[in-house]
Asker: 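Before we start, here is the structure in question, set down as structure tokens.
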2 protein chains.
Amino acid sequence: MVKGADTAAIYSDLQDKLINGFFGAGEKLKPGALQGTYGCSANTIRDVLLRLSAVGLVSFELQRGFRTKPSSQAIRSDVTRFRIMLEQEGAARSMVHGGVAWEAQLTAAHHKLVHIETRIARESGAPGDDKALWSAAEYDFHRTLISACDSPILLESFESIYLQFRQQMFALERDFGGDYFRAIIAEHQAILDVALGRDETACRAAIHDHLKRNL
Amino acid sequence: MVKGADTAAIYSDLQDKLINGFFGAGEKLKPGALQGTYGCSANTIRDVLLRLSAVGLVSFELQRGFRTKPSSQAIRSDVTRFRIMLEQEGAARSMVHGGVAWEAQLTAAHHKLVHIETRIARESGAPGDDKALWSAAEYDFHRTLISACDSPILLESFESIYLQFRQQMFALERDFGGDYFRAIIAEHQAILDVALGRDETACRAAIHDHLKRNL
DNA sequence: AAAGAAAAAAATTTCGAAATTATCTGGATT
DNA sequence: AATCCAGATAATTTCGAAATTTTTTTCTTT
């Protein structure tokens, strides 16, 4: 992160750091300290942190400033449960509203994802340098799954919850192992199959099965 | 709204104005103009608007500032649908997790609500001065209905969606009429009954019935 | 040793000006 | 008449200092 960066880069870097565990859970985020890191005014950091609080990655309390979100098994379960609900609903509506274009996009997103996951599973089970690639592809698959739901507010909520989900899962994902990736490869495939088959009940079950390890 | 007010009061006043249609849908909110209204710095208004964007009452776009949310039948349906989903899920989980205290609180909240609604229905069907009282009691009832869901993230999402729902419904609620209030008195009663009876399926249906006019 | 109060230090918030970007207006060109 | 461009204007963003609030430290009392 280069000093003197513009605020878009600062936002992006802080978002990455918030998701990837650079700060501890519940840690105080002081604009006065971060201004040194980023080479800008503390008030600019405040702006960025307020925007990050809008997507749920930061807790803000008037007069007491900013903290990273707390983390616990209960919170992970809560976020997971909420994500399941959103994704099930979004997928169900997408199966109703989505046409061939949606199927094509979902198939393409899945293709990319399974390609990365297969490589990771074969090599060592630890994504290493592929973490960002895998993370982006995983998000893309799930976001595309619900993309035809015709509900802007659901999509917006999902995007924010997905970030929070990744943030909460960071520590748990450190030790993946090949078995983990082989399992989720199968789970992603199952989701794709039932979604393309437009079987709502099975799709809801597949999404739940995919995420239940985090409940 | 008195000049020189502190930022909590500014936040509250702007929130009221955003919900109650003081600004037009999609209207530009200029900190430079609002600083005059509130007797503070434009940067303070920016802070407040960023915080209001976190709860979904304001749209923010980098470099292009703030606008009130657009409004349309499609958006109203979307917000309503999302609210139904949250409330059904929240109520279902509350019926599982909630004990006697939850029942008592829900009964009390309903009692207050039906009292206000009965008076409004009897008088004219137009809440007039009672609008704020009714609005608060209506929120209290629905929020209490889901309060035992044991999901902080669902509650937080509901609170924000409820505000957005009120904002979107503002114009439609101007001409209530006595029939409207008699109908929703019955609907609130139905929700209370099935919730206390812990009948999930009926409760989901009652919530949907209560809100379906806005779909 | 524990509790409370006061002072000091640190952090947050607000301010208003400067820097930067977006939007609007008028004129030129096709 | 429609489109494009340059300049002016308006608005947004960033800055860093001042004002305000919170937290920490130190001292006193029980």
Side-chain angles (χ1 to χ4, degrees), chain A residues 1-18 22-71 156 160, chain B residues 1-18 22-71 156 160:
Chain A
M1 188 67 226
V2 188
K3 290 206 174 188
D6 68 9
T7 60
I10 296 170
Y11 181 96
S12 183
D13 191 65
L14 273 176
Q15 180 173 301
D16 281 349
K17 286 189 158 69
L18 287 163
F22 179 81
F23 305 105
E27 181 174 333
K28 196 74 186 289
L29 303 172
K30 301 182 187 181
L34 289 169
Q35 83 181 84
T37 303
Y38 292 107
C40 65
S41 155
N43 201 57
T44 299
I45 299 289
R46 178 180 174 82
D47 238 47
V48 171
L49 289 175
L50 273 174
R51 286 164 51 210
L52 285 165
S53 77
V55 298
L57 287 177
V58 172
S59 292
F60 170 70
E61 197 176 354
L62 210 48
Q63 300 293 350
R64 288 179 172 72
F66 303 89
R67 286 186 185 273
T68 57
K69 286 295 195 80
S71 191
E156 189 183 342
S160 160
Chain B
M1 187 68 226
V2 188
K3 290 206 176 189
D6 68 7
T7 61
I10 295 169
Y11 181 96
S12 183
D13 191 65
L14 272 175
Q15 181 173 301
D16 281 349
K17 285 188 158 72
L18 287 162
F22 180 82
F23 305 107
E27 182 174 332
K28 195 73 186 291
L29 302 172
K30 300 182 188 183
L34 290 168
Q35 85 182 82
T37 303
Y38 292 107
C40 64
S41 154
N43 200 58
T44 299
I45 300 287
R46 179 180 172 82
D47 239 46
V48 170
L49 289 174
L50 272 174
R51 286 163 51 210
L52 286 165
S53 77
V55 298
L57 289 176
V58 172
S59 291
F60 171 70
E61 196 176 356
L62 209 49
Q63 301 292 351
R64 287 178 172 73
F66 303 89
R67 284 185 187 276
T68 58
K69 287 294 196 78
S71 191
E156 187 182 345
S160 160

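A, B, ... follow the sequence lines: proteins, then strands. Residue 1 opens every chain. All values reported here derive from a predicted model rather than from experimental measurement.
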Asker: Roughly, in whole Å, what's the span from CZ in B:Phe60 to C1' in D:dT12?
Answerer: 9 Å
Asker: Can you list everything that forms a side-chain contact (heavy atoms from CB on, under 4.5 Å) with B:Phe23? Sequence neighbours excluded, please.
Answerer: B:Leu14, B:Lys17, B:Leu18, B:Glu27, B:Leu29, B:Leu34, B:Thr68
Asker: Nearest whole Å is fine: how far is D:dA11 P from B:Glu27 CD?
Answerer: 13 Å
Asker: How does protein contact run along nucleotides 14-24 of chain C, one letter per nucleotide 5' to 3', with B for base contact, S for sugar-phosphate only, - for none, heavy atoms under 4.0 Å?
Answerer: BBB----SSS-
Asker: The criterion is side-chain contact (heavy atoms from CB on, under 4.5 Å); which residues satisfy it with B:Ala54, sequence neighbours excluded?
Answerer: A:Ala54
Asker: Could you tell me the separation between the NZ atom of A:Lys30 and the P atom of C:dT12, rounded to a whole number of Å?
Answerer: 7 Å
Asker: Using ring-ring contact (aromatic ring centres under 6.0 Å, His included) as the criterion, list what pairs up with B:Phe60, not counting sequence neighbours.
Answerer: B:Phe66
Asker: Taking side-chain contact (heavy atoms from CB on, under 4.5 Å) as the definition, give me every residue that meets it alongside A:Gln35, ordered by chain and number, with sequence neighbours left out.
Answerer: A:Ala42, A:Ile45
Asker: Mind checking what makes side-chain contact (heavy atoms from CB on, under 4.5 Å) contact with A:Ser41, not counting sequence neighbours?
Answerer: A:Asn43, A:Thr44
